[in-house]
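Only one structure is covered here, and it is reproduced in the block below.
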Amino acid sequence: MSTETKTTQHTHPDPVARTTRRWTRSGGRPRPTGNFELFSWYFFRISGILLLFFALIHLLIMHLLNNVDVIDYNFIVQRWASPLWRTFDIMLLVLALTHGLNGARVLIYDYVHSRGWRTFAVTTLYVVGILFIVLGAQVILTFQPQIQSVAK
Amino acid sequence: MYHKFDAVVVGAGGAGLMAALQLVGKANIACITKLYPSRSHTGAAQGGICAALGNTEEDHWEWHMFDTVKGGDYLTDQDAAEVLARDAIERIIEMEHMGLPFNRTPEGKIDQRRFGGHTRNYGEGPVRRACYAADRTGHMILQTLYQQGIKENVTFFNEYHVMDLLINNGRCVGVTALEIKTGELHTFHAKAVIFATGGFGRAWRVTSNAHACTGDGMAVAYRAGIPLMDMEMYQFHPTGLYRIGILLSEAARGEGGILRNVNGERFCERYAPTLKDLAPRDMVSRFIYQEIKEGRGAGPNKDYVYLHVDHLGKEVIDAKLPDITDFARTYLHVEPYKEGVPIQPTAHYAMGGIPTNIDGEVILDEKATVLPGCYAAGETACVSVHGANRLGTNSLVDLVVFGKRAGLKAAEYCQQNDWESLPANHEARSKELLGFVNAGASDGKRTEIAGDIRKDLQNSMQDNVSIVRNETGLTAQMGKLQELRERYGRLRLQDTGTKFNTERMEALELGCLLECAEAATKGALERKESRGAQFRDDFEKRDDVNFLAHTLAYRAENGGVKELRYKPVVITRFEPKERKY
Amino acid sequence: MATQVTVKILRYDPEKDKKAHFETYTVEADPLDRILDVLNSIKWYQDGSLTYRRSCAHGVCGSDAMRINGRNRLACKVLVRDVGGDAGKKIQIEPMLGFRILRDLVVDMDPFFEKYKSIKPYLINYEDAPASSERYQSAEDREIFDETTKCILCGACSGSCPPYWAGPDFVGPAAIVNAHRFIFDSRDQGAAERLSILGEGEGVFRCRTVYNCTDACPRNIPVTKAIEQIRRAMLYNR
Ligand SMILES: Cc1cc2nc3c(=O)[nH]c(=O)nc-3n(C[C@H](O)[C@H](O)[C@H](O)COP(=O)(O)OP(=O)(O)OC[C@H]3O[C@@H](n4cnc5c(N)ncnc54)[C@H](O)[C@@H]3O)c2cc1C
Ligand code: HEM
Ligand code: SF4
Ligand code: FES
């Protein structure tokens, strides 16, 4: 090859492709995310299956076997007297929220493309999500039955 | 826009990609193609690519060479056939290493199957020589080579239509191309140009060829003063889907498929007792023609015969012939598991083209004078390795064997030479052509519709320059082509746009088809003998005294064939004999 | 047998139109004609400016993927009678979604091919190949990736995929299919590289298992299944 060859210039044949090439910019793809996406996908499936079980029982007990008008403070107190039901509800809370949050996160990735808005939306989601989990968990875990005082 | 490269490859089918890969790392190259590479017609090839690997039974490259020469009715240049048969083996292995997913034998080697005209021990009986990937061998070759192109970072100019070949001081110096998306004209200045633009099957009505197979490379070279060789040698494949011509590969017969006439008779037995349905294509096409002519065709117009694979069983069909049986279902609503598929011969392959030597260098005359810097490979080239009739699977081999050789030779040339300057007004001819076409959209005096001209061309070629030819038909066709050329001069267009104006592109392609058709018809008219694809019912015998030679057609300045010259055939090992199967 | 067929085509000329609009044509066609033949007859005899890509005309080159009656199909693989055109039904033709329209039915395929390239669509093998023979592969190993070798890069799958419409960076089913073709090839050693590319944010986990791709593929490739196999490979082969 002559030395001239090396200095030979040519522009990219397609100026449009040059600008639409977000995909290949920065040496290939968006920054690696490790195994996070794999876990989130797997978790989606697992939590879905678990939710099938938890949510259905929840539905059964709270809405089908018992009607809303029988569900009152006492009902909850009796139910939460057993640690089993507390565990059940906390599982339901955590699973439903994380599953739902994960779904919402995926949706954000679909439709929010600008980096800034995306970060904002996902951060908000996480903050709200964690807040709900913490609040919910606090209620379930620290709940002290005070049957007498409320009964009257 | 102006571009400067060491080498430019025109066409990204099997031949173009193989050539481009040879230049990688040795020269700065561009591969220009009017289609995305993966859309090239190499992808349509079905049946196989042959090489004497001997994976399933004994085989030797000499046998392959012999079959190629005999199949070509001794018009094949034997030095070229030798190169083809020897190199084929290495090229197949090379492509396997590139990742080509061939079907496998039980031991895990590349599987091989039978194909028309390929025999053991110089004609004793059929041999398994065709390597294959189901019935999408060409697709896998095209994909694999394109993938290598991606790996090696070849610069592709996709959807650029090459319009002209630039020659200055007796050297090839580049091409001009129209960028389809923008309508902009580009000049590619180069030391070497390799043409690999494929065939011109769209000159006929019933064809297996893509809409894009319009002989652009041949026409561009022809207009630039390069002769076209053996253009009359145009192959009709026996088994095209009735009416539309979509190909049903010879692999169907290689796997045991049978042709039957309306009476259910296996008629090939009568004509070719040894090879039967697997006789070479020109012959089987003529058998079918004969059956139909003598009233044994099927259908309301008695104009087709049947291809049967139903006796092979569902498993064999699904494993080895899935695509082509799918074509029968999709396009004719026929179920090949159960019934015969209506077929008729279909225009298929150009044995002729831009003449080259065995290194892919384009030659200008009967003395094989080389045009420096100019190369051709693949269907658009004529080495001549297929002579008067190509054997099935020999084209894909041709692409990779001679694509590689052309690429290597061009690389060597680029390393040893500097750029020759562009000729003055290098874009003049392209601009004139574009101006002519564009004016079709504004000039009210122009009234001819491209669709009509194309239809007339295809119908008349089908009638006069197909399986059986004669003086009357060919003379009439010369007149017809003259008329069509005049009408083309009054071409009317509707699309005034510059961006993605495909009407304009089709008009350019039609112009190319007319050039090719003219060279082919003239060659056929003057070749007063029958040989391979050229069958004249007024000269039924082969005439080795006068016509054991290649036709070279030169174009007149203002269109039409100026003169024909003849180039002797290279004979090394096998003396011409009568062709019997 | 020729009948009158009504076709409604979404037209857009960047040099003339601000917005795409439908135009309706009536064409004489045979029930066995391809939609591509119908388009050709409009282009050749009615409106020369109608723009679309085409080449092979029998479903092997991948040029003419477009939306026919709302589904991505190759115009050369759908017959008039398949869509009831001969029975008086109107045929609606639009460019594929998820791609930028260049003109009429022609869309910008460059980003699509860039995505294809990003998954390293070529055999990766770090060992020297045997000097004068092929690499051996059993027929069973060959069978594993058979389906995904059929891809003709038409884009019908990606253009029918909701996450692909939504996210311009998603690699899309076609690229994944081609990654599958190599990941499951016993001769290939690049699986880890490809899996790590596809494991990122814009890879296989954008897929929501909608099955539109599988429905659209003119080569009958089980696209969704291929995607699922890749995700499983990531899960079990870490
Ligand atoms: C249906 C069918 C089945 C076949 N089966 C077999 C088989 O089983 N075995 C076998 O050996 N052979 C077979 N053949 C023959 C063989 O496939 C072809 O001869 C061969 O593929 C041609 O390859 P090519 O590289 O020369 O051209 P193509 O593959 O046709 O490529 C031409 C290239 O040139 C480009 N081009 C053309 N014009 C221009 C222009 N003006 N500007 C820029 N670029 C241009 C195109 O974009 C394309 O990239 C078959 C052919 C057909 C039609
Ligand atoms: C019966 C219980 C449930 C089952 C079986 C279930 C199952 C699933 C599955 C399999 C997915 C798809 C995961 C993937 O992309 O591969 C999914 C997505 C999703 N789920 Fe659930 N889920 C359940 C309950 C819930 C609940 C209670 C919520 C809300 C709090 C929820 C919110 C979501 C969201 C937002 C998505 C993402 C939707 C999208 O991808 O567009 N799910 N679910
Ligand atoms: S997977 Fe099917 S639909 Fe998708 S690009 Fe390939 S051939 Fe087309
Ligand atoms: S034209 Fe080739 S796929 Fe339709």
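Throughout, a chain's letter reflects where its sequence line sits, starting with A, and its residues are numbered from 1.
- Judged by distance alone, the side chains of B:Gln143 and C:Asn178 never bring a donor and an acceptor atom under 3.5 Å apart.
- The contact between B:Ile449 and chain C is made entirely by side chain atoms (from C-beta outward), counting heavy-atom distances below 4.5 Å.
- If you measure heavy-atom distances from B:Glu94 to chain C, you find no contacts under 4.5 Å at all.
- Within the 4.5 angstrom heavy-atom criterion, only backbone atoms of B:Met98 (N, CA, C, O) approach chain C.
- Panel note: side chain B:His97, backbone C:Ser133; a donor-acceptor pair is recorded below 3.5 Å.
- When the side-chain contact (heavy atoms from CB on, under 4.5 Å) test is applied to C:Arg71, the partners found at least two apart in sequence or on another chain are C:Arg73, C:Asp215.
- Going from atom CD1 of B:Ile180 over to atom CG of C:Leu102 covers 11.5 Å, rounded to the nearest 0.5 Å.
- Contacts of B:Leu100 with chain C are made by backbone atoms alone, with heavy-atom separations under 4.5 Å and no side-chain atom involved.
- Heavy-atom distances place no part of B:Ala450 under 4.5 Å from chain C, backbone and side chain included.
- For the options C:Pro14, C:Cys151, C:Ala139, C:Cys154, heavy-atom pairs under 4.5 Å to chain B are most numerous at C:Cys151.
- Heavy atoms closer than 4.5 Å to chain C are found nowhere in B:Asp111, neither backbone nor side chain.
- A donor-acceptor contact shorter than 3.5 Å links the side chain of C:Glu15 to the backbone of B:Lys499.
- Using a 4.5 Å cut-off between heavy atoms, B:Asp326 touches chain C through its side chain atoms alone.
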Determine, step by step, whether B:Arg136 and C:Thr149 satisfy the side chain to side chain donor-acceptor pair (under 3.5 Å) criterion, reporting the C-alpha distance in whole Å, the side-chain angles of both residues, the deciding distance to 0.1 Å, and the verdict. CA-CA 10 Å; B:Arg136 49 174 188 282; C:Thr149 62; 3.1 Å; yes

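- When heavy atoms are compared at a cutoff of 4.5 Å, B:Thr498 approaches chain C by way of both its backbone and its side chain.
- Side-chain contact between C:Asp110 and B:Lys181 is present, with at least one heavy-atom pair separated by less than 4.5 Å.
- For chain C, the option among B:Gln147, B:Arg504, B:Arg454 with the highest count of heavy-atom pairs below 4.5 Å is B:Gln147.
- Side-chain contact between C:Val60 and B:Gln46 is absent, with no heavy atoms from C-beta onward closer than 4.5 Å.
- Evaluated for a salt bridge (charged side-chain N to carboxylate O under 4.0 Å, His left out) with B:Asp495, the options C:Arg103, C:Lys43, C:Lys16 yield exactly one hit, C:Arg103.
- Not less than 6.0 angstrom separates the ring centroid of B:Tyr331 from the ring centroid of C:His58.
- Among B:Lys109, B:Arg243, B:Lys455, the residue with the largest count of heavy-atom pairs under 4.5 Å with chain C is B:Lys109.
- Note on B:Ser40, B:Ala134, B:Ala210: by heavy-atom pairs under 4.5 Å with chain C, the leading option is B:Ala210.
- Of the two parts of B:Glu90, neither the backbone nor the side chain holds a non-hydrogen atom closer than 4.5 Å to a non-hydrogen atom of chain C.
- The candidate with the highest count of non-hydrogen atom pairs below 4.5 Å against chain C, out of B:His333, B:His41, B:Arg202, is B:His333.
- Among all heavy-atom pairs drawn from B:Gly99 and C:Asp185, the shortest one is O-OD2, 4.4 Å.
- Contact count versus chain C (heavy atoms, under 4.5 Å) is highest, among B:Asp452, B:Asn501, B:Leu493, for B:Asp452.
- C:Cys61 SG to B:Tyr36 OH: the interatomic distance, rounded to the nearest 0.5 Å, is 13.0 Å.
- Here the straight-line distance linking atom SG of C:Cys56 with atom CG of B:Asn209 works out to 11.0 Å at 0.5 Å rounding.
- Options B:Glu96, B:Gln494, B:Glu503 differ in how many heavy-atom pairs under 4.5 Å they form with chain C, and the most are formed by B:Glu96.
- Proximity of B:Tyr146 to C:Pro121: side-chain heavy atoms (C-beta onward) are nowhere separated by under 4.5 Å.
- Between C:Gln137 and B:Pro101, every side-chain heavy-atom pair lies at or beyond the 4.5 Å cut-off.
- Annotation: side chain of B:Glu506 is in contact with side chain of C:Trp44 (closest heavy-atom distance under 4.5 Å).
- No donor-acceptor pair under 3.5 Å is formed between the side chain of C:Tyr122 and the backbone N or O of B:Thr144.
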Evaluate the salt bridge (Lys or Arg N to Asp or Glu O under 4.0 Å) criterion for residues B:Asp323 and C:Arg219: first the C-alpha distance (whole Å), next the side-chain angles of each, then the deciding distance (0.1 Å), finally the verdict. CA-CA 9 Å; B:Asp323 281 4; C:Arg219 305 283 295 153; 3.1 Å; yes

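- At a threshold of 4.5 Å between non-hydrogen side-chain atoms, the residues B:Thr105 and C:Tyr136 do not count as touching.
- Side-chain contact between C:Asn40 and B:His211: present, with at least one pair of heavy atoms (C-beta onward) separated by less than 4.5 Å.
- Here the closest non-hydrogen pair linking B:Thr502 and C:Leu50 is OG1-O, 4.1 Å.
- Put simply, the side chain of B:Arg39 gets close to the backbone of C:Ile152: a donor and an acceptor are under 3.5 Å apart.
- Here C:Arg53 is the residue among C:Arg34, C:Arg181, C:Glu143, C:Arg53 with the most heavy-atom pairs under 4.5 Å with chain B.
- Both the backbone and the side chain of B:Phe500 come within contact range of chain C, with heavy atoms under 4.5 Å apart.
- In this structure B:Phe200 satisfies the ring pair (Phe, Tyr, Trp, His ring centres under 6.0 Å) test together with B:Trp204, B:Tyr234, sequence neighbours excluded.
- Side-chain N or O atoms of C:Arg142 include none that pairs as donor or acceptor with a backbone N or O of B:Arg104 at under 3.5 Å.
- For the set C:Gly62, C:Ala129, C:Ser41, the entry with the most heavy-atom pairs within less than 4.5 Å of chain B is C:Gly62.
- The two residues B:Leu35 and C:Ser55 come nearest to each other via the heavy atoms CD1-OG, 3.8 Å.
- Contact detail for C:Ala57 and B:Ile246: the closest heavy-atom pair is O-CD1, 4.3 Å.
- Between the NZ atom of C:Lys117 and the CD1 atom of B:Ile150 there is a distance of 5.5 Å, given to the nearest 0.5 Å.
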